[in-house]
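Just so it is clear: chains get the letters A, B, ... in the order the sequence lines come, proteins before strands, and each one is counted from 1.
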2 protein chains.
Amino acid sequence: MNKTAPPLEIAVTELSLAIGQLLRRLRTEANPSELNLSQMGTLARLEQHGWMTTADLARIEAMKPQSMGAILAGLEQEGLVQRQPHPTDGRQILFALTDEGAEARRKRSIAKRDWLLTAMAKFDPEEQRTLISAAALIKRLADS
Amino acid sequence: MNKTAPPLEIAVTELSLAIGQLLRRLRTEANPSELNLSQMGTLARLEQHGWMTTADLARIEAMKPQSMGAILAGLEQEGLVQRQPHPTDGRQILFALTDEGAEARRKRSIAKRDWLLTAMAKFDPEEQRTLISAAALIKRLADS
DNA sequence: TATTGTTATACTCTATAACTATA
DNA sequence: TATAGTTATAGAGTATAACAATA
């Protein structure tokens, strides 16, 4: 038996629980007209990559194509994304941000952003740096 | 104007999105008989604190008492928590882990834990340390 | 035959509202 | 009058299943 128990096994549970809690906080702090995290994520991907298909977006956001389809339909109805047929493959449909969509990314998640910003501002600089680094690592985790 | 734009404003959005994604991954990797994150969190609190009321659990887990009531009802039906009337206040009801509940904490979130463990094992030691520190910080964020 | 996207339906998690019992 | 918990209902977010069109 190893005397120092591997902290990773405990840490993964802690991390899961902490993430679940923070997500609930973010949801409750948001006001009703804000974009939700799935919508924000989808818009962010489109801003990074330009024109993308439903299937690609679904894969990259770790959800089913039908679910991504529903998200895109909602965003399209609000004028935040636009569609275009694929030039060579008649089955596929390409989506991209509209100007309104780019603006919405900045303006329609303010309560969530402010709450998190205020909460993080209370941390000392090193703790802030840890969280900033962790954000990138968590993204890599989700993508793996 | 400051030449180095404050990275915190961008980082909070990145953190939100990363957390949303990781949560979806954890959900899809789990098998159907596993405890969900709210159930795991509730059991973890009861293991830490011992006997607690619905209202206290709701507050500490950042959800409404009715929602926590539903979670506790489910856990009770599975024999993972037990209830007991409050000794002096007839309105309140105290909950605690059963032995089965303590066992379930360890055995009924294995797929989620293994997936995350495997994903984190691919990171280098410093990245792992960052994530472990971040877990505690994220918890503090959620509590604030 | 496999893949893209759509439509219809159902499930999970959490919230809101109305109520009862106790303080 | 305020608080703890329950019951009933509704909403958000995502999944599964069945389908049509295209490859």
(message) Under a 4.0 Å threshold between the charged nitrogen and the carboxylate oxygen, would Arg59(B) count as salt-bridged to Asp56(B)?
(response) yes
(request) Using heavy atoms to find the nearest nucleotide of DNA chain D for Ala70(B) and Ala70(A) separately, return the residue whose nucleotide is more 5′. (result) Ala70(B)
(message) Under 4.0 Å from OP1 or OP2 of dA15(D): is there any side-chain N or O of Ser67(A) that close?
(response) yes
(request) Without swapping roles, check the side chain of Glu127(A) against the backbone of Asp124(A) for a donor-acceptor pair under 3.5 Å. (result) yes
(request) Ignoring backbone atoms, test whether Ser38(B) places a side-chain nitrogen or oxygen under 4.0 Å from the OP1 or OP2 oxygen of dT14(C). (result) yes
(message) Starting the side chain at C-beta, find the nucleotide from dA15(C), dT22(D), dA4(D) nearest to Gln92(B).
(response) dA4(D)
(request) Just compare dT14(C), dG5(D), dT14(D) and give me whichever is closest to any side-chain atom of Ile71(B). (result) dT14(C)
(request) Could you say whether Arg27(A) or Asp56(A) is positioned toward the 5' end of DNA chain C, judged by the nucleotide with the nearest heavy atom to each? (result) Asp56(A)
(request) May I have the distance from Glu29(B) (atom CD) to dA15(D) (atom C1'), rounded to whole angstrom? (result) 15 Å
(message) So, applying side chain to side chain contact (heavy atoms under 4.5 Å, CB included) with Leu46(A), which one of Leu80(A), Leu75(A), Leu57(A), Thr98(A) is it?
(response) Leu57(A)
(request) Assign each of Leu94(A) and Leu37(B) to its nearest nucleotide of DNA chain C by heavy atoms, then name whichever residue's nucleotide is nearer the 5' end. (result) Leu94(A)
(message) Of the options dG5(C), dT4(C), dG5(D), whose atoms approach the side-chain atoms of Thr54(A) most closely?
(response) dG5(C)
(message) Quick check on dA12(D): is either OP1 or OP2 less than 4.0 Å from any side-chain nitrogen or oxygen of Asn36(A)?
(response) no
(message) Measuring from the side chain of Met63(A) (C-beta onward, heavy atoms only), which nucleotide among dA23(C), dT14(D), dG5(D) has the closest atom?
(response) dT14(D)
(message) Under 4.0 Å, counting only non-hydrogen atoms across every strand here, what does Gly69(A) touch: a base, just sugar-phosphate, or nothing?
(response) nothing
(message) With a 4.0 Å cut-off on N to O distance, would you call Arg113(B) and Glu29(B) a salt bridge?
(response) no
(request) Using atom CE of Met52(B) as one end and atom C1' of dA4(D) as the other, report the distance to the nearest whole Å. (result) 14 Å
(request) May I ask you to verify if any side-chain N or O of Arg83(B) is less than 4.0 angstrom from the OP1 or OP2 atom of dT6(D)? (result) yes
(message) I'd like to know if Glu47(B) pairs up with Arg106(B) as an ion pair, taking the criterion as any Lys NZ or Arg NE/NH1/NH2 lying under 4.0 Å from an Asp or Glu carboxylate oxygen.
(response) no
